[in-house]
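These figures come from a predicted structure and were not determined experimentally.
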There are 2 protein chains.
Amino acid sequence: MNECSIAIVGATGAVGQVFLNILEKRDFPLKSVRLCASERSVGKKLKLRGEEIEVELATPELLSEVDFAFIAASTAISRELAPLAAEYGAIAIDDSSAFRMQGNVPLVVPEVNGDDLDYHEGIVSIPNCTTTPLVMALKPLHEQNAVRRVIAATYQSVTGTGAAAAQELRDQSGDILAGKEANAEVYPHQIAFSVLPHVEPFWDNGYTNEEMKMQNETRKIMHAPDIRVSSTCVRVPVVVSHSEAVNVEFSDAISPGEVREILAGAPGIRVVDDPGSNVYPTPIEAEGQDDVFVGRIREDIALDNGIAMWLSCDNLRKGAALNSLQIAEEILERDLLLK
Amino acid sequence: MNECSIAIVGATGAVGQVFLNILEKRDFPLKSVRLCASERSVGKKLKLRGEEIEVELATPELLSEVDFAFIAASTAISRELAPLAAEYGAIAIDDSSAFRMQGNVPLVVPEVNGDDLDYHEGIVSIPNCTTTPLVMALKPLHEQNAVRRVIAATYQSVTGTGAAAAQELRDQSGDILAGKEANAEVYPHQIAFSVLPHVEPFWDNGYTNEEMKMQNETRKIMHAPDIRVSSTCVRVPVVVSHSEAVNVEFSDAISPGEVREILAGAPGIRVVDDPGSNVYPTPIEAEGQDDVFVGRIREDIALDNGIAMWLSCDNLRKGAALNSLQIAEEILERDLLLK
């Protein structure tokens, strides 16, 4: 595989840190790396593969010098920088929701729809961190037996919001344990020792943006415009990893044994399913791991042709940084660089 | 209403404490109260309505002297004491699962099926603390439009396990914040800053006992043997109150507005549903309250004739002690005492 030059935009954030952690160990074909962040972080030095790298601004000149710009900052920054990167010959691999539903922007999980990269025009989006593990588990099953509907309830960690939310969880937890009042700033209500059925703004239909993403992104990634996905997205006092209770109705009968067998052979999935021995996915176990952990696989007793399951996935790795890096690897493999 | 004499068995436990808290303020027609617990608590003194009451053993003699024995201890103690209470003329109102599915034992939420008390023979069971809020919300809707299937995912607090679990959550949280290892004894894995898809032992069908209760108890309480309920019960690091994401399929079309209106008029339900202003049920808000809080009411985009909603309920109050006391009030009202 050819080596590539990359820029990480948002290098000092929660996802940026995970990009660096993964690059330390993963056999990624790295020629050079530029680290970008906002003005107030410029000049700060971060370590990667034994080198100290100075944080810079993502200027057009810098973007013209790299093959990939991984953007993991705010949606506003994605809106500004992704088209700029493409204009200057760098493929933007974007973590935000800004371009995901745009027709000429592939929305990609390489294990699921790597082929969609063929039509990229300089911007590739990665899915929301709740959608990625869901489609990873659904796609191999869907190929055998078409998925008709999905009901999901999520248990999402605070790092999905960002580093400030993780600090708020720690601060509130400490204050409450010390008998003090909890102070809520990042979230509208206390998150420590609580759960909030509120991830992202509400639509007029009563769903949140996060919940609608789970249906819309799943349809696009799986090329299955008729799949119905109803979810309730809930923030829980967990630091890393999102978990999901998932109920799936298939077109035809399917047994838990078949599901287990298909998923055991699916790339990026680890079946962790021996409940009698207390073996099932947990966010703690999934943290720092590349795979999507799936367990609690059983016949759904309420849905026809139904299967219920439970999954946990590191939202910062496969949910963000790892998926972005795998997309770059897939683009190199397919020889789809802009320059 | 006639006054009654009661015994609280398990008075020193988490639910026992809540019995005492409620009796302090509630207009319960109390003639006298006996507090019972295990041998090691005998002689301990607890306060109620300005009096100090000494903890005793629940002997046949003691049971023969009261109208009601509220049993909130272990299933083993319920198995032993509930029939004994009935034999000695005290109606056992039992918190455990020991007798719930027995044909001659009413399983009662007074707002839902108070009429079932008419057939009691000395033992009345209260439902599981995840079933009670579910049937409270389902029953008034079911009367208008028959419920066909329910998919639920729970977010259950540690006091559902007991006081030791609440202490374990506090200890683990403090240890993790201090950078130490978390020590798991009550649960098979760390519960602080995690979630566990595991409440009660597993059945051969892959569901937990808690999950199967949600179907079986719902059917019995609602006199609706065909309702299908598939749930995933999950323990979360919350101290008090259980929450549930609930997706319901009805026989005919029903709008979120109709659901809101029906529930707003239903006894024991508080509709808390203005998501645009960050108003929805949370476990913190439900703690210490009598009502079941329901919100996030919306059309279910995956189920036909479906409604999605979210509820929170104090598992120690309506989920346990309050429901038990309301059953006693209903029995007095209906003049159904054994003596």
Side-chain angles (χ1 to χ4, degrees), chain A residues 149-153 155 169-170 173-174 176-177 188-190 192-198 201-202 205-208 212 215 228-232 234 236-239 241 243 245-247 249 256 273 275-276 278 280-285 295-303 306 308 310 312, chain B residues 149-153 155 169-170 173-174 176-177 188-190 192-198 201-202 205-208 212 215 228-232 234 236-239 241 243 245-247 249 256 273 275-276 278 280-285 295-303 306 308 310 312:
Chain A
R149 62 180 110 222
V150 177
I151 312 276
Y155 301 71
L169 171 59
R170 283 187 206 99
S173 300
I176 291 165
L177 289 174
H189 306 283
Q190 174 188 324
F193 305 109
S194 188
V195 298
L196 302 176
H198 179 182
F202 288 92
N205 67 358
Y207 282 81
T208 61
M212 293 311 297
Q215 172 164 286
R228 299 166 71 180
V229 182
S230 172
S231 59
T232 303
V234 181
V236 297
V238 166
V239 181
S241 299
S243 302
V246 180
N247 301 67
E249 186 180 295
D273 196 16
N278 300 325
Y280 35 72
T282 68
I284 300 286
E285 199 190 0
R296 299 282 335 260
I297 298 165
R298 59 207 192 274
E299 187 189 333
D300 191 298
I301 54 177
L303 292 174
W310 168 263
S312 296
Chain B
R149 62 180 110 222
V150 178
I151 311 275
Y155 300 70
L169 171 58
R170 283 187 205 98
S173 300
I176 291 166
L177 289 173
H189 306 281
Q190 174 189 325
F193 305 109
S194 189
V195 298
L196 302 176
H198 179 182
F202 288 92
N205 66 359
Y207 282 81
T208 62
M212 293 310 298
Q215 172 163 287
R228 297 166 73 180
V229 182
S230 170
S231 59
T232 303
V234 181
V236 296
V238 166
V239 181
S241 300
S243 302
V246 180
N247 301 67
E249 185 180 293
D273 195 15
N278 300 325
Y280 35 72
T282 67
I284 300 286
E285 199 190 1
R296 298 285 331 265
I297 298 166
R298 60 205 192 275
E299 188 191 332
D300 191 299
I301 53 176
L303 292 173
W310 168 262
S312 296

**OP:** Let me know if Ser243(A) has heavy atoms under 4.5 Å from chain B in its side chain, its backbone, both or neither.
**Re:** side chain
Original post:
Any donor-acceptor pair under 3.5 Å linking the side chain of Arg149(A) with the backbone of Ala302(B)?
Top reply: yes
Original post:
Looking at Ala152(A), Pro188(A), Ala245(A), which has the largest count of heavy-atom pairs under 4.5 Å with chain B?
Top reply: Pro188(A)
Subject >> Side chain / backbone / both / neither for Gln190(B) at chain A, heavy atoms under 4.5 Å >> reply: side chain
Original post:
Given that the side chain runs from C-beta out, which part of Pro201(A) has a heavy atom under 4.5 Å from chain B: side chain, backbone, both or neither?
Top reply: neither
Subject >> Structural part of Ile284(B) lying under 4.5 Å from a heavy atom of chain A >> reply: both
Original post:
Which heavy atom in Arg296(A) sits nearest to a heavy atom in Arg298(A), and how many Å separate them?
Top reply: O-NH1, 2.9 Å
**OP:** Identify which part of Arg228(B) has an atom lying under 4.5 Å from any heavy atom of chain A, answering side chain, backbone, both or neither.
**Re:** both
Subject >> Exercise: identify the closest heavy-atom pair between Pro197(A) and Trp310(B) >> reply: CG-NE1, 3.3 Å
**OP:** Would you mind telling me which of Leu169(B), Val236(B), Ile151(B) has the largest number of heavy-atom pairs within less than 4.5 Å of chain A?
**Re:** Ile151(B)
Subject >> Option in Asp300(B), Val229(B), Val239(B) with maximal non-hydrogen atom pairs under 4.5 Å from chain A >> reply: Asp300(B)
Subject >> Closest-packed option against chain A by number of heavy-atom pairs under 4.5 Å, given Ile297(B), Leu303(B), Thr208(B) >> reply: Leu303(B)
**OP:** Compare every heavy atom of Ala192(A) with every heavy atom of Pro237(A), then report the nearest pair and how far apart it is.
**Re:** CB-CA, 4.4 Å
**OP:** Please flag which part of Ile176(B) lies under 4.5 Å from any non-hydrogen atom of chain A: side chain, backbone, both or neither.
**Re:** neither
**OP:** Determine the option with the most heavy-atom pairs under 4.5 angstrom with chain B, choosing from Asp273(A), Val150(A), Thr232(A), Leu196(A).
**Re:** Thr232(A)
**OP:** Show the numbers, then the answer: is there a side-chain contact (heavy atoms from CB on, under 4.5 Å) between Tyr155(B) and Val234(A)?
**Re:** CA-CA 10 Å; Tyr155(B) 300 70; Val234(A) 181; 3.4 Å; yes
**OP:** Keeping the roles fixed (side chain from Ser241(A), backbone from Pro283(A)), state whether a donor-acceptor pair exists under 3.5 Å.
**Re:** yes
Original post:
What part of Arg170(B) is in contact with chain A, defined as an atom under 4.5 angstrom from a non-hydrogen atom: side chain, backbone, both or neither?
Top reply: both
Original post:
Which bit of Gln215(B) comes within less than 4.5 Å of chain A, counting heavy atoms only: side chain, backbone, both or neither?
Top reply: side chain
Original post:
Where on Asn278(B) is there a heavy atom nearer than 4.5 Å to chain A: the side chain, the backbone, both, or neither?
Top reply: both
Subject >> Tyr207(A) side chain to Ile301(B) backbone, donor-acceptor under 3.5 Å >> reply: yes
**OP:** Kindly give the heavy-atom pair with the smallest separation between Pro275(B) and Tyr280(B), and that separation in Å.
**Re:** CA-CD2, 4.3 Å
**OP:** Measure across Pro256(B) and Glu299(B) and return the closest heavy-atom pair with its distance rounded to 0.1 Å.
**Re:** CG-N, 3.4 Å
